[in-house]
Structures are given as C-alpha cells and as structure tokens.
Amino acid sequence: MAITQGMCSSFKQQILLAEHDMDTDVFKIALYTSAATLDASTTVYTTSNEVTGTGYTAGGNTLTGATVSLTGTTAFVDFSDTSWSTATITARGALIYNSSKSDKAVAVLDFGSDKTSTGGTFTIQFPVNDATNAIIRIA
C-alpha cells in the first residue's frame with residue numbers, strides 16, 4: 001500500500017470537459033492512513049483506509065477560500081489551511097475531492113511520514129499560492 005502525491009489524471013481530463021468549478025463547487029479534504037492506496041489513478045473519494053479517531057468525521061473537512069490565479073503560463077489554485085481541533089488521529093496522506101461532483105478526486109497529498117495529533121489540533125497547511133508551489137498547478 002502506498003500514497004503517491006500528484007494531481008489525479010481523471011481531474012485533468014475533467015477540467016478540459018468543464019466538470020469542475022473552483023468558484024462554486026464544494027471541495028473537501030479527507031485524511032488517510034499509511035494502509036491506503038492513493039495516487040494519480042485515484043478517481044473518487046473512498047472510505048477505504050480513511051482515518052478514524054476522536055475529532056475526525058468521515059469525509060474530512062470542507063475546503064474554503066479557493067483562489068484561482070495565473071502567473072505567466074501557469075494556472076494554480078489554493079485553499080485556506082484547514083484543521084481538526086481536539087483530534088486524536090494519525091494520517092499519512094490526504095485526498096482533495098469535489099463533493100459537488102459525485103466525489104470526484106482532484107489531488108493526492110503524501111505527508112512523507114505518519115503525522116499524529118493526540119488531543120490537539122491537526123492542521124493541513126497549504127504551500128505558498130504561486131506558480132511554483134501551489135498544491136494544484138497547471139502549466
């Protein structure tokens with residue numbers, strides 16, 4: 001089992017078919033254990049090996065603050081950081097997905113190792129919103 005970071009291939013195709021609207025659709029982020037298998041071939045949100053624990057609800061958090069930008073030839077999107085308070089969980093990665101569009105997968109995040117919160121705040125901090133660092137970039 002492995003989590004491999006990347007933009008989901010199905011999302012790339014769906015962008016060209018105008019199936020996602022970053023301004024109006026509801027995007028969520030779900031957390032997964034190291035037993036999960038997630039990569040660019042992931043097409044939809046799944047509960048298989050999703051994190052369980054105090055302070056975490058299946059399906060994860062709704063992402064807010066979507067900002068779509070363009071610098072040169074690279075388009076990119078960023079979300080506000082999100083967190084689970086008073087959480088006792090361990091996660092190895094995450095899946096961003098569009099809950100407005102049948103839970104279609106957008107991107108897989110690999111944390112590089114297990115990250116744990118014990119009765120504290122578990123935060124996903126998105127990188128700088130620019131053409132080089134944003135979590136979702138189309139060049």
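Being a predicted model, the structure only gives us computed values, none of them experimental.
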| query | Is there a donor in the side chain of T82 and an acceptor in the side chain of N61, or the other way round, less than 3.5 Å apart? | reply | yes
| message | To the closest 0.5 Å, what do you measure between CG (D21) and CG (N98)? | response | 9.0 Å
| Side-chain touch I138/F76, heavy atoms, less than 4.5 angstrom | no
| query | Can you tell if the side chain of F111 reaches within under 4.5 Å of the side chain of Q5, non-hydrogen atoms only? | reply | no
| query | Is there a chain of hydrophobic side chains (I, L, V, M, F, W, Y, each step under 4.5 Å between heavy atoms) that links L38 to I96? | reply | no
| query | Do the side chain of Y97 and the main chain of G59 share a donor and acceptor less than 3.5 angstrom apart? | reply | yes
| If you take all heavy atoms of K101 and E19, which pair is closest and at what distance? | CE-O, 2.9 Å
| task | Might you point out which heavy atoms bring A91 and F122 nearest each other, and give the distance in Å? | result | CB-CZ, 3.8 Å
| query | Mind checking whether C8 and T43 have side chains closer than 4.5 Å, heavy atoms only? | reply | no
| query | Can you tell me how far the CZ atom of R137 sits from the OG1 atom of T132, to the nearest 0.5 Å? | reply | 7.5 Å
| query | Has the side chain of T123 got a donor or acceptor atom that lies under 3.5 Å from a matching backbone atom of S83? | reply | no
| field | Side-chain heavy-atom pair F126, I29 within 4.5 angstrom cut-off | value | yes
| said: Please tell me whether K12 and S10 have a donor and an acceptor in their side chains that are separated by less than 3.5 angstrom. | reply: no
| request: Spell out, yes or no, whether V68 and M7 are grouped together once hydrophobic residues are joined by side-chain heavy atoms under 4.5 Å, including indirect joins. | output: yes
| message | Are M22 and I124 connected into the same hydrophobic cluster when the rule is that any two of I, L, V, M, F, W, Y join if their side-chain heavy atoms are below 4.5 Å apart? | response | yes
| task | State whether a side-chain donor-acceptor pair under 3.5 Å links D25 with H20. | result | no
| said: Test of understanding: clusters of I, L, V, M, F, W, Y form through side-chain heavy atoms closer than 4.5 Å, transitively. Do V108 and I15 belong to the same one? | reply: no
| task | Measure the spacing between CG of N49 and OG1 of T52 and express it to the nearest 0.5 Å. | result | 10.0 Å
| message | Please give me the minimum heavy-atom distance between R92 and D114, naming the atom from each residue. | response | CB-OD1, 3.4 Å
| task | Evaluate the side-chain proximity of V51 to T90: yes if any heavy-atom separation is below 4.5 Å, no if none is. | result | no
| Roughly how far, to the nearest 0.5 Å, is the CG atom of L63 from the OG atom of S80? | 8.5 Å
| request: Decide side-chain contact (heavy atoms from CB on, under 4.5 Å) for I136 and F11; before the verdict, give the C-alpha distance in whole Å, the side-chain angles of both, and the deciding distance to 0.1 Å. | output: CA-CA 11 Å; I136 299 172; F11 175 71; 4.2 Å; yes
| Got T62 and F27 here, is their nearest side-chain heavy-atom distance under 4.5 Å? | no
| message | Quick one, T121 and W84 - any side-chain contact, counting heavy atoms below 4.5 Å? | response | no
| request: Kindly compute the distance separating CD1 (I89) from OG1 (T54), expressed to the nearest 0.5 Å. | output: 9.5 Å
| query | Roughly how far apart are I3 CD1 and L109 CG, rounded to 0.5 Å? | reply | 9.5 Å
| So which heavy atom on N129 is nearest to which on A134, and how close? | OD1-CB, 3.8 Å
| query | So, does T88 use its side chain to make a donor-acceptor pair with the main chain of G119 at under 3.5 Å? | reply | yes
| said: Hydrophobic cluster membership, with links at side-chain heavy-atom distances under 4.5 Å among I/L/V/M/F/W/Y: are L95 and V26 in one? | reply: no
| query | Short question: side chain of S117, backbone of K115 - any donor-acceptor pair under 3.5 Å? | reply | no
| L31 vs E50 side-chain heavy atoms within contact, under 4.5 Å | no
| So which heavy atom on T71 is nearest to which on A131, and how close? | CB-CB, 4.0 Å
